[in-house]
Amino acid sequence: MKAAEKKAVLVVSFGTGYATTRKATIEAIERDIAAAFPGYSLYRAWTSKMLLAKVRRQEGLYIDSVPEAMERMHADGITQVIVQPTHVINGIENDRMKAGVLAGRDSFSSIRFGDPLLTRPADNRAVIRAVEEEFHSRLDEKTALVLMGHGTEHYANSIYAALDYQFKDMGYPNIFLGTVEAYPAMESLLRLVDACSPRKVLVAPFMIVAGEHARKDMAGEEADSWVNRLSGRGYKVEPVMKGLGEYKGIRDIFVSHAQNARPAENLL
């Protein structure tokens with residue numbers, strides 16, 4: 001008699017060095033995915049070597065890299081794997097994650113990949129609805145919301161400008177999305193916010209966790225932080241230290257992506 005297949009979901013995140021936001025975001029996503037997959041074991045991996053070393057050093061917490069997680073699942077007798085990234089876009093980290101997974105594909109009978117957050121047109125609309133649900137009680141015609149994404153040199157960075165446009169197209173002219181490291185940059189956002197003429201500006205991370213970028217680049221004490229640059233233009237500014245992983249609507253998208261994961265062969 002053939003042995004029963006052992007199934008697992010591997011949730012892959014970039015990682016964070018802040019325990020509080022990790023519990024509220026990455027671990028919340030993992031819990032929701034685990035609840036949606038009874039009968040599957042849940043495994044975790046991070047892609048940032050720096051953050052893996054940091055939490056090991058500071059918290060004594062050992063989290064696997066992607067190759068280590070693949071080895072661990074194989075040793076545990078897992079044969080069928082769903083890999084669900086918590087990445088926002090199909091960028092550099094997601095490409096590296098796929099390569100790390102596929103390097104060990106011969107050890108498993110089946111590997112399927114779920115999509116990052118922003119992959120298909122329907123994802124854009126779902127993300128916009130999730131953001132609106134999170135902030136609708138705090139937004140009015142005199143309040144703007146500025147979202148800080150990470151940004152990348154990868155061509156997938158174009159999704160940020162497209163999503164900013166789509167916020168307006170779906171009826172939210174006072175919601176703006178920019179990036180720390182690419183386009184749209186803060187200089188573009190300042191011009192757009194000025195044209196909106198709000199009295200108050202909410203600033204929130206458009207990242208899974210409210211980590212280093214949120215604490216320093218967005219809400220830090222330095223003169224060039226987003227909060228201080230907006231305050232310097234006379235706006236009343238309120239930082240919102242809440243990662244996307246805390247939004248139920250965002251977690252629901254990741255669960256749906258895991259449920260609709262596609263065979264690795266379809267991605268080669």
With E30, the salt bridge (charged side-chain N to carboxylate O under 4.0 Å, His left out) member among R22, R44, R251: R44

Check residues 6-19 and write down every donor-acceptor pair under 3.5 Å in which the side-chain atom is one partner and the other belongs to a residue at least two apart or another chain.
{"unit_1": "K6", "atom_1": "NZ", "unit_2": "D76", "atom_2": "O", "d": "2.7"}
{"unit_1": "S13", "atom_1": "OG", "unit_2": "T86", "atom_2": "OG1", "d": "2.8"}
{"unit_1": "T16", "atom_1": "OG1", "unit_2": "Y18", "atom_2": "N", "d": "3.2"}
{"unit_1": "Y18", "atom_1": "OH", "unit_2": "E212", "atom_2": "OE1", "d": "2.6"}

Count the heavy atoms of every other residue, nucleotide or ligand shown that sit under 6.0 Å from OH of Y155, and state whether that count exceeds 12. no

Verify the neighbour count for atom CD of Q58: are there more than 12 heavy atoms of other residues, nucleotides or ligands below 6.0 Å? yes

Decide yes or no for V240 and F135: does some side-chain heavy atom of the first lie under 4.5 Å from some side-chain heavy atom of the second? yes

Any chance CD of E221 has more than 12 other-residue heavy atoms, nucleotides or ligands included, within less than 6.0 Å? no

Check: H154/N94 side-chain N/O donor and acceptor closer than 3.5 Å: no

Closest non-hydrogen atom pair, T179 against W226: O-CZ2, 3.4 Å

Do T143 and N174 pair up side chain to side chain, a donor and an acceptor below 3.5 Å, judged on atom types alone? no

Is there a side-chain contact between Q84 and I33 (heavy atoms, below 4.5 Å)? yes

Please determine which of E238, E133, E132 meets the salt bridge (charged side-chain N to carboxylate O under 4.0 Å, His left out) test together with R138. E238

Without swapping roles, check the side chain of R56 against the backbone of A53 for a donor-acceptor pair under 3.5 Å. no

Report the residues that fulfil side chain to side chain donor-acceptor pair (under 3.5 Å) with R72, sequence neighbours left out, ordered by chain and then residue number. D64

Heavy-atom closest pair, residues E222 and K216: OE1-O, 3.9 Å

Exceeds 12 heavy-atom contacts within 6.0 angstrom, atom NZ of K168: yes

Side-chain polar contacts of residues 190-197 - donor-acceptor pairs under 3.5 angstrom, sequence neighbours left out - could you list them?
{"unit_1": "D194", "atom_1": "OD1", "unit_2": "R233", "atom_2": "NE", "d": "3.4"}
{"unit_1": "D194", "atom_1": "OD1", "unit_2": "Y235", "atom_2": "OH", "d": "2.5"}
{"unit_1": "D194", "atom_1": "OD2", "unit_2": "R233", "atom_2": "NE", "d": "3.1"}
{"unit_1": "D194", "atom_1": "OD2", "unit_2": "R233", "atom_2": "NH2", "d": "2.6"}
{"unit_1": "S197", "atom_1": "OG", "unit_2": "D194", "atom_2": "O", "d": "3.2"}

Minimum side-chain heavy-atom gap T25-L244 below 4.5 Å: no

